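Working notes, beginning with the structure itself.
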Amino acid sequence: MTMQSREIQLKRRPVGAPVAEDFATVEQAVPPPGPGEVQVRNLWMAVDPAMRGRMSDAKSYVPPFALDTAMEGPAIGEVIVSNDPAFAPGDLVFSRLGWRQAFNAPGTALQHRDRQALPPQAYLCFAGMTGLTAYAGLIRIAELQPGDTVFVSAASGAVGSIACQIARNMGCKVIGSAGGPDKTAFLHDVLKVDAAIDYKAEPNLTKALAREVKAIGASGIDVYFDNVGGDHLQAALSLANDFARFAICGMISQYNVTDAPTVPRNLTMLMTKRIRMQGYIALDHMDLEAEMLERMTAWNQAGQMASAETVYDGIDKALDAFWGLFSGANIGRTMVRLG
C-alpha cells in the first residue's frame, strides 16, 4: 500500500539567519518499495549547525541541499517492507534521510543498528556521528592524553557535551564553556566537568578562562576542542600551554554572519607557543566508527555516558528544533521524535 509522508523542503537559499519562508512542509506519497529497495518509517531525526552550510549554494565538503526536495539529515528508523535480503521488517536502521516521516531507499543507503545494545536515539547522539565527531577530534586530531587539561566550547551542545565526557573518561581535567546558568549547571551536575564558564556572564572570556585554569590547579590548557571560534578561540590561544593541540570542529559564532567574521587578534601565539591547530570533518574518520561505538557502548554500560538530548515532537517541530541551535535554547543533541 502507498503511505503518506510529510517532509521539510528547502524553497529558497537563506541570507543570514534562516526564516520560515525559506522552507515548506509537503505531503508526499510513498509507494511500495521497488526491487532492491527498503521502506523505512523514521523514528528519530537529528538537526545540527552544519545543516546551515548546506542551505547555501556554496562549495563545501558535502553538496548543498537541493531546492524543492526533502532536506537530508541523520535519522534512525524501522524497516516496514524490504525487497533487500539484507534487511527485514522490524530492523533498526540508520540513514541520512531525515527531515521526512517515511521513505523508500536502496539497501546501500541504510546501516543496521543494534536495538538491544542501546536505545534507538543513542545512535544519533553519543553512539552516532556526533559521538564520532567528538571522538575523532580528541583521540586522533588532538591526540588526547590522560592528565591533559581540556577546554571545550559550546560544551552543553551535541558534540561538546560528548567531548567533555570522553575527556573526563580518559582521565583529563575538563573546562567547559556554555551560555547561561542552566547550561553551566548542566555541565557541573550532569557532565561532571571540573570547571564551567557562563560566557554570557563574563565581560572578558580570556580572564574567565584564566581564572578557571588556576582554580583547577592547571598551568594552562593542553587541548582545545573548538565549536565556536571568535572570542573562544582567542581565549584558548591566550591560555594554551606550549605545544597545545587544537581540534577545530566548528565555528557556530560565524555561521550566520553577513559581515566580516570575528577573527582572534592573537594568532601569532600559534607560532610562539608552537600550537598545532587542525580543522577536520568527521566523514574523513569513518575508520574510527567501530572503535568509537565499542568504547561508547562500554562507557554507557558502566554509567559513564549521559545522553544529553533536547527533544521536539513531530515533523512540524523540525524547524523549531533547528532554530533552537542558534538561539541557545537547546542542551545536548537536538532531536525530533517522529515515530
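The analysis underlying the following values was restricted to heavy atoms, covering all of them including side chains, and did not include hydrogens, waters or symmetry mates. All figures in this text were calculated on a predicted structure; none of them were measured in a lab. Numbering starts at 1 and runs along the sequence shown.
- Counting only distance, with no hydrogens or angles, the side chain of Asn83 and the backbone of Pro33 share a donor-acceptor pair below 3.5 Å.
- Scanning all heavy atoms of the two residues, the minimum distance from Met129 to Ala282 falls at CE-CB, 3.7 Å.
- Under the salt bridge (charged side-chain N to carboxylate O under 4.0 Å, His left out) criterion, Asp242 pairs with Arg274, sequence neighbours left out.
- Side-chain heavy atoms closer than 4.5 Å link hydrophobic residues (I, L, V, M, F, W, Y) into clusters, and following such links, possibly through other members, connects Leu132 to Phe94.
- Looking at every heavy atom in both residues, Gly176 comes nearest to Ala155 through CA-CB, 3.7 Å.
- Listed for the Asp198 side chain is a donor-acceptor partner under 3.5 Å among the backbone atoms of Gly180.
- Closest of all the heavy-atom pairs between Leu118 and Leu293 is CD1-CD1, 4.5 Å.
- Classification of Asp287 and Arg140 as a salt-bridged pair holds, one side-chain N sitting under 4.0 Å from a carboxylate O.
- The shortest heavy-atom contact between Ala142 and Val223 is CB-CG1, 3.7 Å.
- Hydrophobic cluster membership differs between Ile315 and Ile80, with clusters built from Ile, Leu, Val, Met, Phe, Trp and Tyr side chains linked at under 4.5 angstrom.
- Ring geometry, Trp323 versus Phe23: the interplanar angle exceeds 60°, so the pair is classed perpendicular (tilted spans 30 to 60°).
- The backbone N or O of Asn227 lies less than 3.5 Å from a partner atom in the side chain of Ser153, making a donor-acceptor pair.
- Between the side chain of Thr184 and the backbone N or O of Pro181 there is at least one donor-acceptor pair closer than 3.5 Å.
- Val26 and Val19 fall into different hydrophobic clusters, where Ile, Leu, Val, Met, Phe, Trp and Tyr are joined by side-chain heavy atoms under 4.5 Å apart, directly or via other members.
- Proximity of a side-chain donor or acceptor of Asn330 to a complementary backbone N or O of Ala321 within less than 3.5 Å is detected.
- In the model, Asn266 has a side-chain atom that pairs as donor or acceptor with a side-chain atom of Ser238 under 3.5 Å.
- Ionic pairing of Glu212 and Lys173 is not present here: no N-O contact between side-chain nitrogen and carboxylate oxygen is shorter than 4.0 angstrom.
- Taken together through direct or relayed side-chain contacts under 4.5 Å among Ile, Leu, Val, Met, Phe, Trp and Tyr, Leu209 and Ile275 form part of one hydrophobic cluster.
- Aromatic ring pairs are classed by plane angle as parallel below 30°, tilted from 30° to 60° and perpendicular above 60°; the pair His285 and Tyr280 is perpendicular.
- The two residues Glu72 and Met51 make their nearest non-hydrogen contact at O-CE, 4.0 Å.
- No donor-acceptor pair under 3.5 Å is formed between the side chain of Arg100 and the backbone N or O of Asn42.
- Side-chain contact of Gln9 with Asp68: a donor-acceptor pair under 3.5 Å is absent, judged by distance alone.
- Side chain of Ser56 to main chain of Ala58: no donor-acceptor pair is present (N/O by atom type, distance under 3.5 Å, no hydrogens or angles).
- One hydrophobic cluster holds both Leu325 and Met55 under the rule that ILVMFWY side chains link at heavy-atom gaps under 4.5 Å.
- Between the side chain of Asn169 and the backbone N or O of Ile166, no donor-acceptor pair lies under 3.5 Å.
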**Study point:** Derivation and outcome, side-chain hydrogen bond (donor to acceptor under 3.5 Å, both in side chains), residues Tyr135 and Arg295
**Key:** CA-CA 10 Å; Tyr135 189 82; Arg295 296 186 81 171; 3.0 Å; yes
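- In the model, Thr334 has no side-chain atom that pairs as donor or acceptor with a side-chain atom of Tyr312 under 3.5 Å.
- Between the side chain of Gln28 and the backbone N or O of Ser5 there is no donor-acceptor pair closer than 3.5 Å.
- In this structure, the side chain of Asn241 does not engage the main chain of Ala244 through any donor-acceptor pair within 3.5 Å.
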